[in-house]
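The residues of the chain are indexed from 1 along the displayed sequence.
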Amino acid sequence: MYEVEITSGFAAAHRLRHYNGKCERLHGHNYKVAVAMRAEALAEDGMVIDFTELKNATVLVIERLDHAYLNDIPPFDNLEPSAEHIAAHIFREIKKRLGAKGDLLFSIAVWESDNSVARFLRD
């Protein structure tokens, strides 16, 4: 099994609507995002995926979130903008942008801080 991973990040504000505590108030994070892909075998070019292709797909997804108030952006205008939901959203959006290679997408990890991470994994 081969695995490749890239990291990126974005800064955004949000508030958790259904949370009883500090996080229900408006606050922000400098999110770190790790995008991992796995394959049983390498493509003819000797890669799981070209890092540039994976980085480009990731940038297209997270640039929409960068320096935004997440609660105003679909799907978070109706969905709680928790790190778990953010990871799942990023997974689905990157998968769409990668076409057939999207089936190799394995996980998205979203750090809200150095000590707190949520992951969404492929079934």
Side-chain angles (χ1 to χ4, degrees):
M1 178 69 66
Y2 297 92
E3 181 175 272
V4 296
E5 181 177 286
I6 59 122
T7 59
S8 192
F10 66 97
H14 72 155
R15 66 180 218 66
L16 300 178
R17 299 174 195 94
H18 301 103
Y19 184 84
N20 187 18
K22 292 190 304 184
C23 294
E24 68 185 319
R25 294 191 305 264
L26 178 63
H27 64 284
H29 299 282
N30 290 315
Y31 292 95
K32 178 181 172 186
V33 177
V35 180
M37 297 185 75
R38 285 187 177 174
E40 291 286 336
L42 299 177
E44 191 174 301
D45 61 7
M47 297 183 228
V48 173
I49 189 171
D50 185 306
F51 284 122
T52 300
E53 184 178 358
L54 185 54
K55 288 175 187 176
N56 289 342
T58 301
V59 166
L60 288 174
V61 172
I62 66 171
E63 72 181 1
R64 204 173 138 254
L65 306 175
D66 192 33
H67 286 80
Y69 176 50
L70 297 179
N71 296 64
D72 285 346
I73 299 172
F76 307 114
D77 53 344
N78 293 309
L79 185 67
E80 196 73 89
S82 64
E84 294 86 345
H85 281 151
I86 294 167
H89 170 73
I90 292 171
F91 185 99
R92 286 189 293 273
E93 293 299 312
I94 291 174
K95 187 176 188 312
K96 280 193 289 191
R97 281 164 178 75
L98 291 176
K101 291 180 185 177
D103 290 340
L104 300 176
L105 189 57
F106 178 70
S107 70
I108 301 293
V110 173
W111 281 265
E112 283 191 344
S113 70
D114 290 341
N115 303 315
S116 302
V117 62
R119 284 187 176 77
F120 184 84
L121 306 172
R122 174 180 73 212
D123 290 334

With a 4.5 Å heavy-atom cut-off, do [X] and [Y] have their side chains touching?
{"X": "F120", "Y": "V110", "answer": "no"}
{"X": "D103", "Y": "K95", "answer": "yes"}
{"X": "R17", "Y": "E24", "answer": "no"}
{"X": "E3", "Y": "F106", "answer": "yes"}
{"X": "D50", "Y": "D45", "answer": "no"}

**Prompt:** Minimum heavy-atom separation for K101 to M37, with atom names?
**Reply:**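 Result for this residue pair: O-CE, 3.2 Å.
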**Asked** Closest approach of R119 and A87, non-hydrogen atoms and distance?
**Response**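 R119 and A87 have their closest heavy atoms at C-CB, 4.4 Å.
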If we ignore hydrogens and angles and just use 3.5 Å, is the side chain of [X] paired with the main-chain N or O of [Y] as donor and acceptor?
{"X": "R64", "Y": "L60", "answer": "no"}
{"X": "H85", "Y": "E80", "answer": "yes"}
{"X": "D66", "Y": "A11", "answer": "yes"}
{"X": "H27", "Y": "R25", "answer": "yes"}

**Prompt:** Hey, is OH on Y2 packed in by over 12 heavy atoms from elsewhere, all under 6.0 Å?
**Reply:**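 No - once you tally the heavy atoms of other residues, nucleotides and ligands closer than 6.0 Å, there are 12 at most.
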**Asked** Atom CZ of R122 and atom CZ of F91: how far apart are they, to the nearest 0.5 Å?
**Response**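 Answer for the CZ-CZ pair, R122 versus F91, is 7.0 Å.
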